[in-house]
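Structure first, commentary second.
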Amino acid sequence: MTSLDEVFDRFLSGGGIFKNREVLCHDYVPEKLPHREEEIEYLGSTMAPVLKGYRCSNLFIYGKTGTGKTAVVRYVLKHLMKKAEELNAPVSTCYVNCRLAGTEYRVLSSLCSSVGVKVPFTGLAQSEVFQRFLKGLEKKGGVLLAVLDEIDVLVKAYGDTLLYDLTRINGELSNSKVSLIGISNDLRFKDMLDPRVLSSLSEEEMVFRPYNAAELRDILEERAKLAFHDGVLADGVIGLCAALAAAEHGDARRSLDLLRVAAELAEREGASKVEERHVREAEKRIERDRIEEVIRNLPLHSKLVLCSVYLLNRKVSTVATGDIYNVYCELCNQIGLEPLTQRRVSGLISEQDMLGLLNSRVVSMGRHGRTKKTRLAIPRSTVKAIFMEDEQLKELVAYTPACLLKA
DNA sequence: CTTCCACAGGAACCAGCGGACC
DNA sequence: GGTCCGCTGGTTCCTGTGGAAG
């Protein structure tokens, strides 16, 4: 066991690698966005009318994660506001990440705060909050550019009513105007919208293509210049980060993560250079950390479901929902817990499928019915290791379900 | 060709909570 | 202090369904 002092000393003396760590963080908006010049120009020209006090076209932006949508929008917004201040133009902007906001109500309340209206975080009817937003807008006047990032998440969960209201909002305003910019990670998002909403929301449209490996390399090189001291990256490190991220779906965020974690690993072991092996290690580390985090934060019943699959997987690789439910009920019995309904457990399995902990797919077995066949999507050792940390679950890892006893 | 299994997954509803308003 | 509100995390009830068995 090294003492904490040693850890700190090593960190402080290991300053040979990072020059500025923040440059590699997600929310950093760089001065240069390589390979997005066209998009920046297009977005800029679309938004420009607000500088003269006109409403600009509503805009819809699609693209997968890490294709630079958010970065480009924030970049243009930043410069637009600078210009607006110079010209003393009555422009305000509001950026809301709908996934982080979580609910329609909280999106509305962010919009409210951008026009200087304070609303309580619960307790008011949604329509009341909307009215206050209108009032605030009218009082403030000018043009509001509202950016709704990851809007697909909101619509999937709550439908498009809020969006519908927002697209019609200009009809109720006399002293002010609102332009909307929607950003979606989901390319099929259009299908979820009412045609009326779609047509008014996407007066203009942009699609962000994924970066290829060469473009990712340029991005990384740009950032690396700011983030690291000269010569600490071994040849091929940037290329590898770019290649790994390009192989998935050209996610710049992921390539930056790889680079950052690889450098942190190198720093931690006191190396003077970041090598390719650090990148490989980083790749594993990121995925493992993500999974462990997810499992640890699972509610108890979900953990029991996962545990049931783990136990059944000892004998068979894929299991039916009914079998999982039986074992799950046994486990609940063991620790004196009232089991949830099968309907709910079926839902929990689907949730874990989406989280990437389980793999399940619907199959029909003819006369023997239709079910989801489920298996673990992660190493058994990982599940076991995390469950062993928990007093209660520790016991259950060693439990033998009744259906496996007779086999 | 029909039947029928063992669920999937949608819809409606409910209880409890934290919190605002009057 | 009663009433209203939204959110979470459930339940109940329901209809739908792929394909092996009959």
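In what follows, chains carry the letters A, B, and so on, assigned in the order in which the sequence lines appear, proteins first and then strands, with residues in each chain numbered from 1.
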Contacts under 3.5 angstrom, residues 75-89 of chain A side chains, donor-acceptor by atom type, not counting sequence neighbours:
from    : atom 1 : to      : atom 2 : distance (Å)
A:His79 : ND1    : A:Tyr75 : O      : 2.9

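- A donor-acceptor pair is defined here as one N or O able to donate and one able to accept, closer than 3.5 Å; no such pair exists between the side chain of A:Arg375 and the backbone of A:Asn313.
- Judged by distance alone, with hydrogens and angles left aside, A:Arg343 brings a side-chain donor or acceptor within reach of the base of B:dG9, the pair sitting under 3.5 Å.
- Residue A:Arg344 places its side chain closer to C:dG10 than to any other of B:dC7, B:dG10, C:dG10.
- Contacts of A:Gln342 with the nucleic acid, taken as non-hydrogen atoms under 4.0 Å apart, involve only primed sugar atoms and P, OP1 or OP2.
- Distance A:Leu108 CG to B:dA20 C1': 17 Å, rounded to the nearest Å.
- Between A:Ser346 and B:dG9 there is no side-chain N or O to OP1 or OP2 distance below 4.0 Å.
- Residues meeting the ring pair (Phe, Tyr, Trp, His ring centres under 6.0 Å) test with A:Phe130, sequence neighbours left out: none.
- Residue A:Ser255 holds its OG atom at 8.5 Å from CZ of A:Arg223, rounded to the nearest 0.5 Å.
- Within residues 349-360 of chain A, the residues that have a heavy atom under 4.0 Å from DNA chain B are, in order of number, A:Ser350.
- Atom CZ in A:Arg106 sits about 19 Å away from atom P in C:dC5, given to the nearest Å.
- Looking at A:Glu264 and A:Arg285, no side-chain N of the basic residue comes within less than 4.0 Å of a carboxylate O on the acidic one, giving no salt bridge.
- In this entry the distance linking CD1 of A:Ile324 with P of B:dC7 reads 10 Å, nearest Å.
- Partners of A:Tyr95 according to the ring pair (Phe, Tyr, Trp, His ring centres under 6.0 Å) rule, which considers only residues two or more places apart in sequence or in another chain, do not exist here.
- For the pair A:Leu337 CG and C:dG10 C1', the interatomic distance rounds to 14 Å; values are reported in whole Å.
- Side-chain atoms of A:Arg367 lie closest to B:dT3 of the nucleotides B:dT3, B:dG10, B:dA8.
- Ranking C:dC7, C:dG16, C:dC13 by closeness to the A:Arg370 side chain, first place goes to C:dG16.
- Pairs engaging residues 129-151 of chain A under the salt bridge (charged side-chain N to carboxylate O under 4.0 Å, His left out) rule: A:Arg99-A:Glu150, A:Glu128-A:Arg132 [sequence neighbours left out].
- With distances taken from any side-chain atom of A:Ser364 to the nucleotides C:dT12, B:dC4, C:dG18, the minimum falls on C:dG18.
- Taking every side-chain heavy atom of A:Thr103 into account, C:dC7 is the closest of B:dA8, C:dC7, C:dT12.
- Under the rule for a salt bridge (Lys or Arg N to Asp or Glu O under 4.0 Å), A:Arg74 has no partner lying at least two apart in sequence or in another chain.
- Computed from coordinates, the A:Tyr105 OH to C:dC4 C1' distance equals 12 Å when rounded to whole Å.
- In this structure, A:Met365 atom CE and C:dG22 atom P are separated by 15 Å, rounded to whole Å.
- The distance between atom OH of A:Tyr325 and atom C1' of B:dA6, rounded to the nearest whole Å, is 15 Å.
- Between A:Thr321 and the phosphate of B:dA8, there is a side-chain N or O to OP1/OP2 separation shorter than 4.0 Å.
- In this structure, A:Lys372 reaches the B:dG9 phosphate: one of its side-chain N or O atoms is under 4.0 Å from OP1 or OP2.
- DNA chain B is contacted by both A:Arg132 and A:Gly322; A:Gly322 maps to the nucleotide lying nearer its 5′ end (nearest heavy atom per residue).
- Taking atom NZ on A:Lys118 and atom P on B:dG19, their separation rounds to 18 Å, with Å as the unit.
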